[in-house]
Amino acid sequence: PPSPSFHRASLHVVFSAECIPAFDWQSCGLFYSFHRVKQPGRITRLLACSAEQLKSYPRVNLEMGPTFVHENMRFDHEFNDDEMNDEFHDQKGRGYASYNKPYSVHAWLEKVDVRETYILMMDTDMLLRAPVDPIALGVRRGNVVSAEYTYLYGTQSGFAKRFVDESLHHRFAQVGGFHIFHREDLRQIAPKWLRFTRRVREFANAKDVIRRRQICIGVSEYRKSTST
């Protein structure tokens with residue numbers, strides 16, 4: 001059952017999307033589920049859409065629900081210049097699109113006066129099946145609630161140690177999917193999230209790393225060809 005403070009807990013649901021059909025369908029479903037379960041609070045779509053994309057983006061799609069529009073980092077040359085011609089892109093466009101997630105919440109918190117105490121950040125392909133009570137789940141200042149994602153093996157393989165100070169290694173956790181933050185915690189996390197994303201991508205695009213990735217792909221293709 002909901003905690004006694006459930007209806008007094010102010011929650012803002014946000015999710016990151018691009019202005020393309022696949023994300024529009026998912027956004028529609030998430031907006032619907034928010035209203036279907038009667039989730040207390042507010043919801044906002046953080047929409048990555050360049051000025052050029054906005055020219056042809058259907059108005060009905062833009063107005064399907066509360067939306068904060070920001071620069072599409074997929075096309076940002078300061079962040080994405082090294083990946084504009086990456087052959088491993090996601091078929092939706094050049095550049096590393098996942099910059100949009102940390103950038104979107106960072107830009108939103110900078111430009112919008114967010115009044116809600118708690119912020120639930122979801123992936124666009126998720127739905128709400130029941131109202132979320134952040135207090136009952138244990139969210140408080142300094143304590144984020146998330147889901148266990150055991151396949152995030154970088155926390156155990158040593159990869160994360162390349163970027164995080166050794167004194168913090170004991171705090172590594174395999175979590176993802178959704179995160180419920182106290183608003184003031186997220187204000188501190190968002191710029192660091194964007195900064196660490198950039199550091200990891202710079203490492204991934206270093207010439208020696210790309211070379212090793214190409215060698216691994218070449219070996220994999222060779223094994224496939226010799227096994228048939």
Side-chain angles (χ1 to χ4, degrees), residues 10-37 39-81 83-84 86 89-128 132 144 146-147 176-181 183 185-198 201:
S10 54
L11 180 72
H12 202 131
V13 178
V14 296
F15 61 97
S16 177
E18 287 188 74
C19 53
I20 57 176
F23 278 112
D24 288 341
W25 283 108
Q26 292 172 354
S27 299
C28 185
L30 184 44
F31 276 131
Y32 173 79
S33 72
F34 177 87
H35 295 292
R36 179 70 177 80
V37 303
Q39 172 65 51
R42 301 171 64 192
I43 185 170
T44 298
R45 173 178 54 161
L46 308 178
L47 188 66
C49 203
S50 68
E52 190 64 30
Q53 288 176 305
L54 275 175
K55 291 178 183 178
S56 58
Y57 189 56
R59 183 174 178 179
V60 66
N61 294 10
L62 183 63
E63 297 177 351
M64 72 167 71
T67 298
F68 171 81
V69 179
H70 64 86
E71 175 187 357
N72 192 336
M73 298 301 288
R74 181 193 289 279
F75 308 116
D76 183 271
H77 283 278
E78 179 185 352
F79 279 79
N80 249 325
D81 199 51
E83 303 192 58
M84 287 298 178
D86 186 358
H89 66 85
D90 62 6
Q91 305 301 320
K92 296 185 181 72
R94 297 294 182 177
Y96 184 65
S98 294
Y99 273 125
N100 281 318
K101 196 169 186 179
Y103 178 80
S104 67
V105 72
H106 176 56
W108 177 65
L109 285 170
E110 275 197 334
K111 298 179 181 179
V112 175
D113 181 17
V114 180
R115 301 294 182 88
E116 291 75 22
T117 305
Y118 304 101
I119 298 171
L120 165 57
M121 192 164 194
M122 301 177 65
D123 282 342
T124 315
D125 58 356
M126 293 179 169
L127 300 172
L128 288 165
V132 175
V144 179
S146 189
F178 75 87
H179 310 281
I180 313 178
F181 305 90
R183 179 192 60 231
D185 285 341
L186 187 54
R187 287 193 194 280
Q188 293 181 286
I189 291 169
K192 294 177 181 178
W193 185 5
L194 182 59
R195 188 161 61 248
F196 274 104
T197 300
R198 190 172 189 179
R201 296 311 298 176

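Just so we're clear, the structure is a prediction, and the values are computed from it rather than from any experiment.
With rounding to the nearest 0.5 angstrom, the OG atom of Ser16 is 7.0 Å from the CZ atom of Phe23. Rounding to the nearest 0.5 angstrom, the gap separating the OG1 atom in Thr44 from the CD atom in Glu116 is 8.0 Å. In this structure, NZ in Lys101 is found 13.5 Å from CG in Leu194, a value given to the nearest 0.5 Å. Note: Trp108 CH2 to Leu186 CG = 7.5 Å, rounded to the nearest 0.5 Å. Rounding to the nearest 0.5 angstrom, the gap separating the CG atom in Leu128 from the OG atom in Ser33 is 4.5 Å. Atom CG of Leu47 and atom CD of Glu71 lie 13.0 Å apart (nearest 0.5 Å).
Of all heavy-atom pairs spanning Gln53 and Ala48, the tightest one is OE1-O, 4.3 Å. In terms of heavy atoms, Ala190 sits closest to Val105 at CB-CG1, 4.0 Å. Nearest heavy-atom pair across Ser50 and Asn72 is N-CB, 3.8 Å. Across all their heavy atoms, Val114 and His12 have their closest contact at CG1-ND1, 4.4 Å. Closest approach of Leu46 to Ser104, counting heavy atoms only: CD1-OG, 3.4 Å.
For Arg45 (side chain) and Thr124 (main-chain N/O), no donor-acceptor pair under 3.5 Å exists by modelled atom type. Side-chain atoms of Arg183 never come within 3.5 Å of backbone atoms of Ile119 as a donor-acceptor pair (strictly under, hydrogens ignored). The backbone N or O of Asp125 sits nowhere less than 3.5 Å from a side-chain atom of Asp123 that would complete a donor-acceptor pair.
A tilted orientation is assigned to the rings of His179 and Phe181, their planes being inclined by 30° to 60°.
Aromatic pair Phe178/Phe15: ring centres not closer than 6.0 Å.
Looking only at side-chain heavy atoms (C-beta outward), Phe34 and Met122 stay at 4.5 Å or farther from each other. Side-chain contact check for Val37 versus Val132: every heavy-atom pair is 4.5 Å or farther apart. Between Arg42 and Pro66, every side-chain heavy-atom pair lies at or beyond the 4.5 Å cut-off. Residues Val14 and Phe68 form no side-chain contact, since every pair of their non-hydrogen atoms from C-beta on lies 4.5 Å or further apart. Leu11 is not listed as a side-chain neighbour of Pro40, based on a closest heavy-atom distance of 4.5 Å or more. Using a 4.5 Å heavy-atom cutoff, the side chains of Pro102 and Arg198 are not in contact.
Taking Lys111 as the reference, nothing meets the side chain to side chain donor-acceptor pair (under 3.5 Å) condition, with sequence neighbours excluded.
Annotation: Arg187, atom CZ; neighbour count of heavy atoms from other residues, nucleotides and ligands within 6.0 Å is above 12. Crowding of Glu52 atom CD: a count of heavy atoms from other residues, nucleotides or ligands under 6.0 Å not exceeding 12.
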